[in-house]
Amino acid sequence: MDYKKYIAGKIAAEGIAEDEIYSAIALPPNSEMGDYALPCFKFAKVMRKSPVIIAQSIAENYPADDIIERAEAVNGYVNFTVNKSALARETIDEVLERGGKYGSSDEGAGKTVCIDYSSVNIAKPFHIGHLSTTAIGSALYKIFNFLGYKAVGINHLGDYGTQFGKLICAYKHWGDREEVERGGIHAINDLYVRFNSEATEEMEHEAREYFRLIESGDKEANDLFNWFKDLTLDYVRGIYKRLNVRFDSYAGERFYTDKMQPVIDELREKGLLKESEGAQIVDLEPYGMPPCLILRSDGASLYATRDLAAAIYRKNTYDFYKCLYVVAYQQNLHFKQFFKVLELMGKEWAKDLVHVAYGMVSLEDGAMSTRKGKVVWLEDVIARCVEKAYGIISEKNPELENKADVAEKVGVGAVIFGALYNSKIKDIVFSYDKVLSFEGETSVYVQYTCARANSVIEKGGVPGEYKISRLLPQEAEVVKAISAFPQAVQDAAEKYEPSIVARYAVDLAQKFNKFYFDCKILTAEGDKRDFRLALTSAALTALKNALTLLGIGVPEKM
Ligand code: ARG
């Protein structure tokens, strides 16, 4: 239930609309003050009274009932206290009934959200730098679907450019079919790196020629290119599977080859295209930006040209409500530029394009550089996390069955959570020890809490019925935290910020653990035991739903 709405509907404050009250209601800094607080400062002007007087009169006139048991004025705030037994009944019943659907809604029904994420580059390493876009984009994909939207996951492959000419050239000179077949993306990357350090002037020339051959549809060049592409995709799909990531479309840059000309024609018709030093540009000086390059002087298209075509294609194909681009903040300017160009073309939907920018990921030892082969492959980071997880689990619980399976969930979860826990725009330093700590604010901690709750339920079962008497503060905190889940999911979608769900999970886990250690569950008496089992089961469901939205598996035992 929406308590804010309930409270707002019952408040009488002269000249202040209900929705204004609604949006002013906030959560107090600590729960001893109440569960919701209404600051009255901004009503002072309209009501011509001091905030203290307004708060007092609102509190005095507020009709307490079974839902809100108390309204109290303190220094210009009205603090409302929710009846925890009623909240517990409503929350637990809802969670037990809805299970894996708890927190979902149909608010997005009929709306499509395109999400461009991961967007790997063919024949280039899938490295730690791709972790955030993959983890954040995938979480948003799941969150939007959970809220009833139709999410379309798009992997805008980097499969266009002169580097493929270089690659073919390198392969022709030094490559061996079997070796490449065996080594896959690593072998391809080696060839590419070798080209960049050893290619002669003549080979550079050949490479340009090969690129031209790909462009003009030459069979051999295209076969090679498609082979490299397949090898890359086979490889990344394996990683996506481990990370619980999926896509609905792999339409990459090359897909737009024949869709750029109409855009260029339209730009020209609308008088937006200008010539500058032989190149075709859209002048963005009036908007304080460098020009957006559309065609190079040799007639070649650019990254932005393909993004323009892609945005138009997506609008025509999916009629999106929003189109998100989960791409590092280094590309801020690129997105600002091409969004602006679409706006200048008169596409009113340009306002629905959102660059969901995120910060850099580096490893503790500073290794990140993609130059000269010194790359940290995401695959290796995952493998190392899983291996470490295996060690930790075996030590903690030598008897555990399915250790490998649990280690996979814990290790992969730690990689994903490591990328998701902080507000997305922050640069993060990935630390194996930190993401795998049982004590910290980690997925492992949340997973371990789930296993703990699960074992309680296994022993005690979930009661068909339960009675609620006055709640202890530890119980009330868990109830409140569970009831906050739907709002956390909505906020995460609204702010494009999966970290809200990640933090939510840690918060609920902490509260559950406090309850678990302070209150007996299995050895409690009659009604209390039933209630606590029901509460445990509801907490477990909320935790599982949160982790699932992030793409993190939940082992039953740990
Ligand atoms: N492949 C690009 C890169 O690695 C990211 C593409 C992002 N999506 C887009 N529509 N521009 O930088």
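Both counts, for ligands and for their atoms, begin at 1 and track the order of listing.
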Does Q331 have a heavy atom less than 4.0 Å from any atom of ligand 1? yes

Considering non-hydrogen atoms of the protein only, which is the closest contact for atom 4 (O) of ligand 1, and what is the distance? N121 ND2, 3.1 Å

Suppose we measure from atom 5 (C) of ligand 1 to each protein heavy atom; which comes out shortest, and what is that distance? Y303 OH, 3.6 Å

Quick one: side chains of residues 208-215, donor-acceptor pairs under 3.5 Å with protein atoms, not counting sequence neighbours, listed by atom name and distance.
from : atom 1 : to   : atom 2 : distance (Å)
E209 : OE2    : R212 : NE     : 3.3
E209 : OE2    : R212 : NH2    : 2.8
E215 : OE1    : Y160 : OH     : 3.0
E215 : OE2    : R254 : NH1    : 3.4
E215 : OE2    : R254 : NH2    : 3.4

Below the 3.5 angstrom mark, is there an N/O of Y325, backbone or side chain, next to an N/O of ligand 1? no

Below 4.0 angstrom, N of the basic side chain to O of the carboxylate: do K172 and E220 qualify? yes

Side chain to side chain contact (heavy atoms under 4.5 Å, CB included) with A328: which residues, sequence neighbours excluded? Q330, Y358

For atom 8 (N) of ligand 1, the protein heavy atom that lies nearest, with its residue and separation: D116 OD1, 3.2 Å

Please work out, at 4.0 Å between heavy atoms, whether the side chain, the backbone, both, or neither of V120 comes within that distance of ligand 1. neither

Aromatic contact, F164 with F225 (centres under 6.0 Å): yes

Determine, for K315 against D319, whether the closest basic-nitrogen to carboxylate-oxygen distance falls under 4.0 angstrom. yes

Give yes or no for whether the N/O distance cutoff of 3.5 Å, strictly under, is met between E253 and ligand 1. no

Which residue is it: W349, Y149, Y313? I am looking for the one with a ring pair (Phe, Tyr, Trp, His ring centres under 6.0 Å) to F320. W349

